[in-house]
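Heads up: the structure comes next, in C-alpha cells.
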Amino acid sequence: MNDIERFVTRRRQLASKMQGGVAVIPTATEQLRNRDVHYPYRFDSYFYYLTGFKEPEAVLVIEAASKEKPTRHILFCRDKDVEREIWDGFRCGPELAKEAFGFDEAYSISKLDEILPKLLGDQPAVYSPLGHDTAWDQRIAGWINKVRAEGRSGVIAPSEIRDYRTLLDEMRLIKDEFELQIMRHAADISVQAHCRAMQTTHPDMYEYEIEAELLYTFHRHGARTPAYTSIVAGGANACILHYIDNNAQLKSGDLLLIDAGCELEGYASDITRTYPVNGRFSPVQRDIYQLVLSAQQAAIDKVRPGNTWNDPHDAALQVLVQGFIDFGLCQGSVEGVLESEDYKRFYMHRTGHWLGMDVHDVGEYKQQGAWREFCPGMTLTVEPGCYIRPAENVPQHFWGIGVRIEDDVLVTVDGNELLTAEAPKTVTEIEELMK
C-alpha cells in the first residue's frame with residue numbers, strides 16, 4: 001500500500017462508520033505572529049490523517065454512500081497562482097491535488113460556499129468539529145440554513161450535526177505499522193537530542209543553550225519542529241511542571257530536567273530525562289532519582305494487553321508513596337497517604353497520556369465509566385515524577401529537587417515496546433555519558 005492509498009483507505013473507513021451523511025473537515029488556519037508575519041504553519045491533525053495534504057486554506061468533504069450514490073471524497077483547496085507562488089512557494093491547485101492525493105473531485109476553496117449547500121441537501125446529518133471554532137460553527141449553520149431555504153422545492157436539510165472527532169479518535173488511537181515506523185524514527189531523533197544535551201551540559205551554561213542543542217539535533221535529522229515547547233529546567237525550575245522560560249543559568253550541584261521531543265511527518269515524540277548539571281548525582285538526588293526510576297519501571301511493566309489505562313498510574317503511585325514515607329515526606333501508611341492524597345504535594349499529575357499526531361493524543365481513557373483496556377497498537381507515555389518545593393514540614397536537603405523520567409511506549413501483542421529505550425536513564429548510564 002502506497003502512502004496515498006493509505007489516506008484513501010482511512011477516508012473510506014470513516015465514511016463506513018458515518019453510515020450516511022456528509023463530513024466537512026477543515027484544516028488549520030494560518031495564525032499571525034505579528035504584523036505581516038505568520039507563525040510556521042502546521043496542518044490540522046484530523047485533516048492530515050485523512051488527506052496527507054499540507055497546504056492551508058483547505059477543506060475535505062466526505063459524502064458517505066447511500067442507496068443512490070457511492071462514497072465521494074472531495075477536496076477544496078487554494079487555486080494555482082503563479083504570482084503568489086513567487087512569494088510563498090508552490091501550490092498544488094485543485095487539478096493536481098485531485099490526482100496526487102486520490103480525491104474523486106477537487107474544487108477551488110473560493111467555491112466552498114456555493115457548492116457545499118448543494119452537497120448537504122437531502123442528507124441525514126452533517127459531521128463537523130462542534131465547538132472547536134465558533135466561526136466554523138457559524139459557517140456550518142449558514143450552509144444548513146441555505147438548504148432549509150430551499151424547503152419548498154422539496155430539498156430536506158440535515159436534521160443532525162454530529163462530531164466526526166468521536167469516530168476519528170477511535171481510528172487514530174490504534175497505530176498501524178506505517179505510523180509506528182515514523183514514531184520510532186521520531187523517538188530515535190529525540191533520543192539523540194537528549195544524549196547531546198547530556199554531553200554538552202556543564203555548570204554556568206544557560207538553559208536556552210541546552211535548548212539550542214536539542215533544536216539543532218531535531219533539525220539536523222529532518223525534524224523541523226519540536227512536538228511542543230521544550231522544557232529545560234535547572235534546579236528549582238524543575239518543580240514548575242510547564243516551565244518554558246528556559247533562561248536561567250545552570251549551577252553545579254543542581255539537577256537539570258529536560259522534557260523535549262521532536263515532531264516528524266506529523267507524529268510526536270515525548271521524552272523527559274533528569275540529570276546532574278555537573279555530571280554526578282549527590283546522595284539525596286540519587287535517592288529521589290532512583291525512587292522515580294523504580295516507579296517508572298513498575299508502571300511500564302503494567303503496559304500490556306488486558307491491563308487497563310489506570311494500572312500503570314496505580315503501580316507508580318504505590319512505589320512513590322512508599323518512598324515518600326521512607327524519606328519522611330509523608331506520614332502514615334501507604335493506604336492512608338493514598339486515601340488522603342497527601343502525596344499530591346510531591347506528585348500531582350497523571351503517569352502518562354496517549355501519544356501520536358498530537359503530543360497529548362486523541363482517544364478516550366474510559367469507556368462506559370471503566371478504565372480502558374490496552375490493545376496492541378496503542379502508544380502512550382509513562383512519566384512519573386517527584387517535585388519537592390520548600391515547605392516547613394519538608395526536610396531542607398530535599399528542597400528544590402524536581403525529577404521526571406518519561407518514555408514512549410507501544411502496546412504490543414505480548415507486552416510492550418519501549419520506543420525511547422536508547423535514551424540513558426540509569427544513574428550509571430547518565431554519569432558515564434557525562435564524563
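Two residues are said to be in side-chain contact when any heavy atoms from C-beta on lie closer than 4.5 Å; Phe218 and Ile189 meet this criterion. Here the side chains of Arg286 and Gln290 are in contact, with some heavy-atom distance below 4.5 Å. Counting heavy atoms from C-beta outward, Val319 and Leu291 have side chains that approach closer than 4.5 Å. Taking the side chain as every heavy atom from C-beta outward, Glu429 and Tyr275 never approach each other to under 4.5 Å. With contacts defined as side-chain heavy-atom distances shorter than 4.5 Å, the pair Leu433/Ile430 does not qualify. In this structure, the side chains of Arg162 and Val126 stay at 4.5 Å or more apart for every pair of heavy atoms. The side-chain heavy atoms of Phe374 and Asn416, taken from C-beta on, include no pair separated by under 4.5 Å. Val362 places none of its side-chain heavy atoms less than 4.5 Å from the side chain of Arg165.
Judged by the 6.0 Å distance and 45° axis criteria, Arg172 is positioned over the aromatic ring of Tyr46.
Defined by atom type and a distance below 3.5 Å, a donor-acceptor pair is present between the side-chain atoms of Asp301 and Gln297. Judged by distance alone, the side chains of Thr428 and Thr426 never bring a donor and an acceptor atom under 3.5 Å apart. Counting only N and O atoms by type, the side chains of Asp270 and Thr381 include no donor and acceptor under 3.5 Å apart. Side-chain polar atoms of Asp314 and Gln318 form no donor-acceptor pair below 3.5 angstrom. Side-chain atoms of Asp408 and Thr420 form no donor-acceptor pair, as typed in the model, at a separation below 3.5 Å.
Side-chain N or O atoms of Tyr365 include one that pairs as donor or acceptor with a backbone N or O of Trp354 at under 3.5 Å. Of the possible donor and acceptor atoms, one in the side chain of Tyr347 sits under 3.5 Å from a partner among the backbone N and O of Arg350. A distance-only check finds no donor-acceptor pair linking the side chain of Glu383 to the backbone of Gly352 [under 3.5 Å]. Checked by atom type and distance alone, the side chain of Arg404 never pairs as donor or acceptor with a backbone atom of Leu257 at under 3.5 Å. Remark: the backbone N or O of Cys262 is paired with a side-chain donor or acceptor of Ser269 at under 3.5 angstrom. Remark: the backbone N or O of Ala28 is not paired with any side-chain donor or acceptor of Arg42 at under 3.5 angstrom. In terms of modelled atom types and a separation under 3.5 Å, the side chain of Asn307 and the main chain of Lys302 share a donor-acceptor contact. Thr200 places no side-chain N or O within 3.5 Å of a backbone atom of Ala197 that could act as its donor or acceptor partner. Asp245 places no side-chain N or O within donor-acceptor distance of the main-chain N or O of Asn247, the cut-off being under 3.5 Å.
Residue Lys80 forms a salt bridge (Lys or Arg N to Asp or Glu O under 4.0 Å) with just one option from Glu85, Glu55, Glu95, and that option is Glu85.
Nearest heavy atom pair, residue Ser45 against residue Asp358, reads OG-OD1, 2.7 Å. Val413 and Pro305 get closest at one heavy-atom pair: O-CG, 3.5 Å. Here the shortest heavy-atom pairing between Ala299 and Pro312 reads CB-O, 3.3 Å. Minimum heavy-atom separation, Cys92 to Phe101: SG-CE1, 4.0 Å. Closest non-hydrogen pair, Met378 versus Glu373, comes out as CE-O, 3.5 Å. The minimum heavy-atom distance between Leu250 and Tyr206, with the atom names listed, is CG-C, 4.4 Å.
The aromatic ring centroids of Tyr228 and His242 lie 6.0 Å or more from each other. Here the two rings, on Tyr343 and Phe324, have centers that are 6.0 Å apart or farther.
The salt bridge (Lys or Arg N to Asp or Glu O under 4.0 Å) check on Arg11 picks up nothing, with sequence neighbours excluded. For Trp136, the ring-ring contact (aromatic ring centres under 6.0 Å, His included) partners at least two apart in sequence or on another chain are Trp143.
Every pair passing ring pair (Phe, Tyr, Trp, His ring centres under 6.0 Å) that includes a residue from residues 395-428 is listed here, sequence neighbours excluded: Phe327-Phe398.
Rounding to the nearest 0.5 Å places CG of Asn246 at 5.5 Å from CD of Glu207. To the nearest 0.5 Å, atoms OG1 (Thr71) and CG (Asp104) are separated by 8.5 Å.
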